[in-house]
Amino acid sequence: MIQIYLHDTLKQRKVPFTPIDTNNVRIYVCGPTVYDKAHLGNAKTPVVYDILYRLLCQVYGKEHVTYVSNITDVDDKILNKHKETGKSIREITEQTYNWYLEDMAKLNVLAPNFRPRATEYIDAMIELVKKLLANGHAYAAENHILFDVDSFAGYGTLSGRSMKEMLAGARIEVADYKKNPADFILWKPSAADQPGWDSPWGYGRPGWHLECSAMSSNLLGNDFDIHGGGSDLIFPHHENELAQSCCAFPGTHFAHYWVHTGMLMINGVKMSKSLGNFYTVDEVLQKAPAEALRLLFLTTHYHQPFNFTFEGLQLAKNTLDKFYNALLKNQDIPTDTVAPSDKIVAALADDLNTPLALSYLHETVNELNKAETPEERRRLKAQLLADAYMLGLLYNDAEKWFKGENDDDETAAIEALIKQRAEAKKNKDWATADAIRNELKTRGIVLEDSPTGTTWKKI
RNA sequence: GGCCGGUUGGCAGAAUGGCUUAUGCAGAGGACUGCAAAUCCUUCUAUAUCGGUUCAAUUCCGGUACCGGCCUCCA
């Protein structure tokens with residue numbers, strides 16, 4: 001069994017990955033807060049973990065991997081959206097959730113085993129707060145329940161900062177009822193017109209970090225293998241999850257490996273809602289197929305910041321044109337199901353080196369283009385598709401990739417013109433032949449002549 | 001201010017204590033083609049900077065510069 005290496009945030013270096021139980025490898029990834037259409041950053045992270053999921057399935061077997069990715073559907077941003085638009089909370093979260101699922105499907109992200117929603121785990125969260133109060137890690141102040149940071153010696157280890165450092169440059173406005181400025185909210189009161197649930201501490205709602213602790217322990221157990229998310233979640237979100245989970249379940253370690261993805265940048269600046277420099281997945285997909293966006297995400301190592309440009313998106317599209325062109329030329333070759341190549345698996349096992357894996361894909365495509373015998377083509381085509389599957393690529397039909405969804409009339413019209421041109425070519429009437437080709441080109445259709453005839457593609 | 005990460009050719013982006021530093025795009029030349037397109041072949045260009053360790057560093061260590069992230073909601 002191949003050894004997987006991952007960059008662990010806790011150890012701040014690449015380490016060999018050893019699951020707690022190879023029969024049930026468990027991974028939890030923080031999903032989006034559903035209050036608005038997903039932006040590119042919201043899409044990049046699930047694409048990265050989709051690769052990790054595919055790798056874990058390949059190495060340990062699909063039935064031995066449990067992948068959980070949550071949906072945050074209780075949050076003040078949703079509340080604000082409700083105030084702005086007048087739409088009900090339920091309407092906002094349902095709609096946004098469905099948009100998110102559509103985006104994920106377009107990006108060929110495999111469904112996790114569970115997509116738990118925070119509102120379905122309120123009882124579990126209340127239980128967690130009770131435990132923390134009972135064992136002295138939480139306290140009540142002015143109707144809030146707060147986590148007592150000083151009660152957990154390990155606080156700050158994940159994000160690699162000491163309490164002193166955090167306070168040094170802190171810009172937080174500190175509520176005066178906090179014993180320590182870093183104490184964070186486990187449960188807060190809701191006004192009558194705000195969403196809330198009855199609890200031992202009155203009508204209220206959970207603090208942000210609580211849901212992931214509750215859902216991970218319910219679905220994966222108190223100790224599980226990998227916890228993932230964007231690097232902007234390291235502090236305070238993951239630090240706080242870690243603290244409250246370890247304190248609620250003494251003797252457990254919560255996640256054994258922490259994996260974080262680099263931020264998506266626009267013109268060298270982190271893309272974020274608060275800065276307003278963001279693109280939604282939706283609007284980007286108006287300009288290129290989803291697969292091009294997926295491939296673009298994989299051209300940079302996940303741990304690095306990723307700079308998004310529309311030029312890059314176009315290059316990714318061109319790369320896929322090259323790949324699909326090779327598949328198109330070998331359409332008639334039967335597709336065998338084979339295992340992914342050792343090289344691809346090794347590249348991904350080395351902390352998800354997707355750029356290296358992509359370079360192998362290029363090599364295979366080049367070999368396929370050069371292959372002379374049907375046996376060779378058959379072998380290389382199968383290899384290419386198996387390798388591409390590990391990256392979640394080449395999931396489209398080659399012919400559809402180039403021709404799109406056309407109605408029969410359009411197709412017939414194009415083919416009639418190609419037939420006319422073939423006649424002209426036969427008579428060496430190059431002027432007519434070129435005129436037809438140019439006419440089609442203005443309609444975005446490119447012709448390719450070959451010894452066996454002429455094929456067409458949409459650009 | 002504190003903590004963390006980065007700096008590889010025209011661009012994107014891997015890898016590596018020494019041998020030819022991938023891969024893709026772009027550029028140059030060629031094959032194929034009626035001409036194209038697609039494809040194939042050949043080819044030019046890079047390790048921020050200054051020190052240290054070493055027989056040998058782009059790679060390890062330290063300083064400097066620049067860039068970015070986190071420290072507040074964020075994937």
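Quantities reported herein were computed from a predicted structural model and do not represent experimental measurements. Here is how names work: the chains are called A, B, and so on, in the same order as the sequence lines, proteins then strands, and each is numbered from 1.
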Rounding to an integer number of Å, can you tell me how far A:L10 CG sits from B:C70 P? 20 Å

Should the pair A:K77-A:D36 be classified as a salt bridge under the 4.0 Å nitrogen-to-oxygen rule? no

Just the table, please: protein N/O against nucleotides 7-14 of chain B N/O, every pair under 3.5 Å.
unit_1, atom_1, unit_2, atom_2, d
B:G13, OP1, A:T300, OG1, 3.1
B:G13, O3', A:T299, O, 3.3
B:A14, OP1, A:H301, N, 2.6
B:A14, O3', A:N353, ND2, 2.9

Quick one: A:D8 CG to B:C4 P, roughly how many Å, whole number? 16 Å

Using a 3.5 Å distance criterion without hydrogens, assess whether the side chain of A:N396 forms a donor-acceptor pair with backbone atoms of A:W401. no

Judged by nearest nucleotide, the residue sitting upstream toward the 5' end of RNA chain B, A:Y360 or A:D350, is A:D350

Give me the distance, rounded to whole Å, that separates B:U16 from B:C50 when you measure between the C1' atoms they each carry. 23 Å

Residue pairs fulfilling side chain to side chain donor-acceptor pair (under 3.5 Å) with at least one residue in residues 352-368 of chain A, sequence neighbours excluded: A:K322-A:N366, A:K343-A:E363

Across the strands shown, which category fits A:Q12 at heavy-atom distances under 4.0 angstrom: base, sugar-phosphate, nothing? sugar-phosphate

Suppose you measure atom C1' in B:A57 against the same atom in B:U42; what distance do you get, rounded to whole Å? 32 Å

Do you see a donor-acceptor pair shorter than 3.5 Å between the side chains of A:D150 and A:Y155? no

Heavy atom of residues 42-52 of chain A under 4.0 Å from RNA chain B: which residues? A:N42, A:T45

SB check A:D449 A:R421 (cutoff 4.0 Å): yes

Do A:K37 and A:D282 sit within salt-bridge range, that is, some charged N less than 4.0 Å from a carboxylate O? yes

Are A:F224 and A:F254 near enough that their ring centres are under 6.0 Å apart? yes

Salt-bridge test for A:D321 and A:K457: reply yes if a basic N is under 4.0 Å from a carboxylate O, no otherwise. no

Interatomic distance, A:L233 CG vs B:G69 P [rounded to whole Å]: 16 Å

For the C1' atoms, the ones on B:G62 and on B:G1, what distance do you get once it is rounded to whole angstrom? 23 Å

Can you tell me how far P of B:G24 sits from CZ of A:F297, to the nearest Å? 23 Å

Please verify the inter-ring angle class for A:H39 with A:F278; under 30° counts as parallel, over 60° as perpendicular, anything in between as tilted. tilted

Please compare A:L40 and A:E448 by the position of their nearest nucleotide in RNA chain B and report the one closer to 5'. A:E448

From CZ of A:F235 across to P of B:C70 the rounded distance in Å is 13 Å

Pull out every protein N or O sitting under 3.5 Å from an N or O of nucleotides 39-42 of chain B, one pair per line with the distance.
unit_1, atom_1, unit_2, atom_2, d
B:U39, O3', A:N369, ND2, 3.3
B:C40, OP1, A:N366, OD1, 3.2
B:C40, OP1, A:N369, ND2, 3.3
B:C41, OP1, A:K370, NZ, 2.6

Hey, does A:G230 reach any base, or is it just sugar-phosphate, or nothing, if we go heavy atoms under 4.0 Å? sugar-phosphate

Hey, does A:G312 reach any base, or is it just sugar-phosphate, or nothing, if we go heavy atoms under 4.0 Å? nothing

Taking the six-membered ring of A:Y35 as reference, does the cationic atom of A:K81 (NZ for Lys, CZ for Arg) lie under 6.0 Å from its centre and within 45° of its axis? no

Which part of the nucleic acid does A:T33 contact within heavy-atom distance under 4.0 Å: base, sugar-phosphate only, or nothing? sugar-phosphate

5'-to-3' dot-bracket of RNA chain B (Watson-Crick, G-U; under 3.5 angstrom; crossing pairs as [ ]; | other strand): (((((((..(((.....[....))).(((((.......)))))....(((((..]....))))))))))))....

Using the P atom as the reference point in each nucleotide, state the distance between B:G18 and B:U72 in Å, no decimals. 43 Å

Side-chain donor/acceptor of A:N70 to backbone N/O of A:P116, under 3.5 Å: no

Using atom CD1 of A:I71 as one end and atom P of B:A75 as the other, report the distance to the nearest whole Å. 11 Å

How many whole angstroms separate atom CD1 of A:I266 from atom P of B:G69? 12 Å

Please measure how far the P atom in B:A28 lies from the corresponding atom in B:C19, and state the result in whole Å. 31 Å

Is the backbone of A:G262 close enough, under 3.5 Å, to the side chain of A:K44 for a donor and an acceptor to pair up by distance? yes

What pairs of nitrogen or oxygen atoms, one from the protein and one from nucleotides 33-35 of chain B, lie under 3.5 Å apart?
unit_1, atom_1, unit_2, atom_2, d
B:G34, O6, A:R421, NH2, 3.4
B:G34, N1, A:D434, OD1, 3.0
B:G34, N2, A:D434, OD1, 3.4
B:G34, N2, A:D434, OD2, 2.7
B:C35, O2, A:R437, NH2, 2.4
B:C35, N3, A:R437, NH1, 2.9
B:C35, N3, A:R437, NH2, 3.3
B:C35, N4, A:D449, OD2, 3.2

Donor-acceptor under 3.5 Å (A:N113 side chain, A:V68 main chain): no

Expressed in whole Å, how much space separates the P atoms belonging to B:U39 and B:G63? 49 Å

Name the nucleic acid region contacted by A:L264, choosing base, sugar-phosphate or nothing; use a 4.0 angstrom heavy-atom cut-off, strictly under. base

Is there a donor-acceptor pair closer than 3.5 Å between any side-chain N or O of A:E239 and the backbone N or O of A:G156? yes

Would you call A:K329 and A:E448 a salt bridge, taking side-chain N to carboxylate O under 4.0 Å as the test? no

To the nearest Å, give me how far apart OH (A:Y324) and C1' (B:A37) are. 21 Å

C1' gap between B:U21 and B:C44, integer Å: 16 Å

Are A:N240 and A:Q244 close enough that a side-chain donor and a side-chain acceptor fall under 3.5 Å? no

Could you tell me whether the side chain of A:R294 and the main chain of A:L391 form a donor-acceptor pair under 3.5 Å? yes

Which listed nucleotide (B:A75, B:C70, B:C4) is nearest to the side chain of A:P32? B:A75

Is it true that a side-chain atom of A:E399 and a backbone atom of A:L328 form a donor plus acceptor pair closer than 3.5 Å? no

By the 4.0 Å heavy-atom rule, please label A:G31 as base, sugar-phosphate, or nothing. sugar-phosphate

Between B:A36 and B:A22, how many Å separate the two P atoms, rounded to a whole number? 32 Å

